[in-house]
Amino acid sequence: MVFYDVVVVGAGNAALCAAISAREQGAKVLVLEKAPLNKRGGNSFFTDGAIRFAYKELDDIRHVIPAITEDEAEKIVMPPYTEEEYYADLMRVTKNESDPELAKKLVSESYDTISWMKNQGVSFDLIYDNQSFVNPEGKNQFWGGLPVKIHDKGIGLVRSLFNRVDELGIDVWYEAQAVKLNQEDKKVTSIIVNKSGDEIVVPTKSVVLACGSFEANKEMRMEYLGEEWKNTIVRGTEYNTGDGITMALEVGAQTYGQWTGCHSIGTDYNAPKFGDFEKPGDIFKRHSYPLGIMLNKEGKRFVDEGNDFRNYTYAKYGREVLNQPEQAAYQIFDSQVRLMLRNEYNLEEATFYEAVSLEELVEKLPVNQESFKQTIYEYNKAVQDGDYDPAIKDGKGTEGLNPNKTNWALKIENGPFYAFPVTCGITFTFGGLRVNTECHVLSKANETIEGLFAAGEMVGGIFYHNYPGGSGLMSGAVFGKQAGLSAALNATLNEN
């Protein structure tokens with residue numbers, strides 16, 4: 001048997017950050033990936049790569065993206081996004097339920113962590129297409145506190161982190177499912193692994209659990225989220241089935257967070273049931289709904305599409321779609337906004353209907369046609385005058401509707417017209433394990449379980465009801481980096 005100072009369970013963003021961080025401390029590290037080599041990377045492989053961190057000015061962004069030239073910088077309007085604003089956004093969208101200590105750690109260490117990721121070989125780009133609009137002065141005005149994405153999306157993230165893992169000499173086992181933690185005197189001493197059908201006991205001082213939540217486990221979804229989640233689309237890896245959570249609970253870990261909540265979005269109605277490793281990059285999402293309206297099969301609107309920037313509503317509106325008849329809805333746009341829609345609407349995988357008139361469009365849809373047309377008529381009548389500006393909360397809304405549209409309300413009146421059918425896709429669940437700010441897993445008595453750490457989706461208590469876009473990747477990196485550090489220090493302290 002080969003001894004490892006630190007064993008990391010999982011091979012996505014949080015897990016690989018943990019492995020790299022532990023190795024930086026001199027630890028001998030093993031990464032366990034349940035998936036085969038061609039499906040490695042967990043949910044991180046499927047991300048579009050937007051990552052949220054606090055910054056004061058454009059120069060902070062240029063430190064992360066040194067390729068931005070002076071000429072390019074002159075054409076950018078980059079409002080600051082301070083730690084105070086980040087924290088306020090997180091608390092606002094989680095209805096002030098986010099654990100204050102964990103939330104502060106996420107926010108306060110976000111910039112240092114993004115800089116650390118850059119030093120590990122991860123590269124970044126500005127999100128011109130989805131997070132900025134050209135203002136009247138011809139400059140790119142960024143909005144929503146989310147101007148940066150990882151180069152080449154999730155593929156680039158996983159590739160870069162694995163390149164660093166290889167450079168540092170970290171061992172990786174594929175088709176290796178962690179199944180049980182062993183303890184002596186309440187300390188982790190080894191982990192049992194099913195490696196390609198063989199059971200192996202791996203001695204270790206520290207285990208970092210970073211193998212995702214239970215979104216791909218149908219039985220757990222039904223138990224904790226509800227029966228309606230039985231057949232929902234899983235947007236990421238099929239391997240996130242709650243294994244790490246189960247192992248931790250078996251050794252007395254404390255559950256924490258909103259176990260009835262999850263990150264879910266409106267996704268193409270014909271998206272695959274699990275993330276397709278042949279078509280990664282979150283191509284099936286449909287996130288331009290703030291520019292139009294959304295109706296269910298009964299022809300009724302059911303959310304305020306313009307309540308906030310999509311960064312702060314998309315992660316909760318998937319559940320709203322799930323609650324509609326046949327778990328379906330239609331995003332409606334006209335030619336005024338068609339060219340402004342996000343790129344995912346232009347892909348060959350996008351399901352849509354198009355017609356020169358609203359009447360013709362509605363006739364193509366399997367919906368209550370009279371109600372559908374009446375709702376659009378009433379919406380158009382309720383649209384108020386005002387200046388339309390998708391780069392800000394423009395206050396151009398409707399009056400007299402339930403729900404009203406708060407911002408970005410344009411009449412749907414200029415053909416051709418478009419309908420994009422969507423359903424709910426689950427990304428990850430919010431319930432997890434309780435950890436302290438050093439990423440030690442806590443017992444039911446709020447005591448640290450010696451040698452056990454957690455990061456990524458497994459950390460409960462940060463996200464409730466909703467989340468600010470890009471915070472998931474940042475949380476994985478911040479707590480992954482910390483978990484690796486803590487695990488390595490624990491191994492050193494417990495050397496025989």
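- In terms of modelled atom types and a separation under 3.5 Å, the side chain of Arg286 and the main chain of Gly266 share no donor-acceptor contact.
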For Glu223 and Asn217, what are the C-alpha separation, side-chain angles and deciding distance, and is it a side-chain contact (heavy atoms from CB on, under 4.5 Å)?
-> CA-CA 10 Å; Glu223 179 180 357; Asn217 186 319; over 6 Å; no
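- With no hydrogens or angles considered, a side-chain donor-acceptor pair links Asn270 and Thr351 at under 3.5 Å.
- No hydrogens or angles considered: nothing links the side chains of Asn466 and Arg319 as a donor-acceptor pair under 3.5 Å.
- Note on ring orientation: taking the six-membered ring where Trp is involved, the planes of Phe333 and Phe420 are perpendicular (angle over 60°, cut-offs 30° and 60°).
- Using a cutoff of 4.0 Å between basic side-chain nitrogens and carboxylate oxygens, Lys230 and Glu227 are not scored as salt-bridged.
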Residue pair Gln177, Tyr239: steps toward the side-chain contact (heavy atoms from CB on, under 4.5 Å) verdict = CA-CA 10 Å; Gln177 179 181 2; Tyr239 296 100; over 6 Å; no
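- Residues Tyr289 and Val303 are not in side-chain contact: their nearest non-hydrogen atoms beyond the backbone lie 4.5 Å or more apart.
- For the 3.5 Å distance criterion, the side chains of Gln131 and Lys149 fail to qualify, holding no donor opposite an acceptor.
- Within the 4.5 Å cutoff, the side chain of Val441 has no heavy atoms near those of the Met458 side chain.
- Taking the six-membered ring where tryptophan is involved, the planes of Tyr467 and Tyr314 are perpendicular, since the angle between them exceeds 60° and thus also 30°.
- To the nearest 0.5 Å, atoms CD (Gln336) and CZ (Phe417) are separated by 9.0 Å.
- Taking the six-membered ring where the residue is Trp, Tyr4 and Trp173 present perpendicular rings, their angle passing 60° and hence far from 30°.
- Leu295 CG to Arg301 CZ: the interatomic distance, rounded to the nearest 0.5 Å, is 7.5 Å.
- Defined by atom type and a distance below 3.5 Å, a donor-acceptor pair is present between the side-chain atoms of Lys34 and Thr241.
- Of all non-hydrogen atoms in His465 and Thr94, the two that sit nearest each other are CD2-O, 3.6 Å.
- Under the 4.5 Å side-chain criterion, counting only non-hydrogen atoms from C-beta, Thr237 is not in contact with Phe45.
- A perpendicular orientation is assigned to the rings of Phe430 and Phe428, their planes being inclined by more than 60° (bins at 30° and 60°).
- The pair Glu344-Arg342 meets the salt-bridge criterion, since a charged nitrogen lies less than 4.0 angstrom from a carboxylate oxygen.
- In this structure the side chain of Asn368 never reaches within 4.5 angstrom of the side chain of Lys300, judged on heavy atoms.
- A salt bridge between Glu215 and Arg235 is absent, with no side-chain N of the basic residue lying under 4.0 Å from a carboxylate O of the acidic one.
- Looking at His151 and Ser123, their side chains never bring a donor and an acceptor atom within 3.5 Å of each other.
- The pair Arg92-Asp308 meets the salt-bridge criterion, since a charged nitrogen lies less than 4.0 angstrom from a carboxylate oxygen.
- With 3.5 Å as the limit, one finds no donor-acceptor pair spanning the side chains of Tyr86 and Arg52.
- Two residues are said to be in side-chain contact when any heavy atoms from C-beta on lie closer than 4.5 Å; Leu358 and Lys373 fail this criterion.
- Contact between Ser21 and Lys481 at its shortest, heavy atoms only, is OG-O, 2.7 Å.
- A distance-only check finds no donor-acceptor pair linking the side chain of Asn140 to the backbone of Ser132 [under 3.5 Å].
- Between the side chains of Tyr317 and Arg310, no donor-acceptor pair is found at a separation under 3.5 Å.
- Residues Ile245 and Ser213 share a closest heavy-atom pair of CD1-CA, 4.4 Å.
- Between Tyr128 and Phe142, the two ring planes are tilted [angle within 30° to 60°].
- In summary, the side chains of Gln331 and Tyr345 do present a donor paired with an acceptor at a separation below 3.5 Å, with no hydrogens or angles considered.
- Side-chain N or O atoms of Lys405 include one that pairs as donor or acceptor with a backbone N or O of Pro290 at under 3.5 Å.
- Pairing each heavy atom of Ala391 with each of Trp143, the nearest pair is O-CB, 3.4 Å.
- Residue Asn296 comes nearest to Pro325 through the heavy atom pair ND2-CD, 4.0 Å, listed as atom of the first residue, atom of the second, then distance.
- Interatomic distance, Asp243 CG to Cys211 SG, rounded to the nearest 0.5 Å: 6.0 Å.
- Ring-plane geometry between Phe372 and Tyr330 is classed as perpendicular, the angle between the planes exceeding 60 degrees on a 0 to 90 degree scale with a lower cut at 30.
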Candidate pair Arg221 and Asn231, rule side chain to side chain donor-acceptor pair (under 3.5 Å), full reasoning = CA-CA 9 Å; Arg221 287 201 311 267; Asn231 296 315; 5.9 Å; no
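- Between Phe277 and Phe46, the ring-plane angle classifies as perpendicular under the 30° and 60° cut-offs.
- Residue pairs meeting the side-chain hydrogen bond (donor to acceptor under 3.5 Å, both in side chains) criterion with at least one partner in residues 407-426, sequence neighbours excluded, do not occur; the list is empty.
- Judged purely by atom type and a 3.5 angstrom limit, Glu33 uses its side chain to pair as donor or acceptor with the backbone of Ala35.
- Shortest non-hydrogen contact noted between Asp60 and Tyr111 is O-OH, 2.8 Å.
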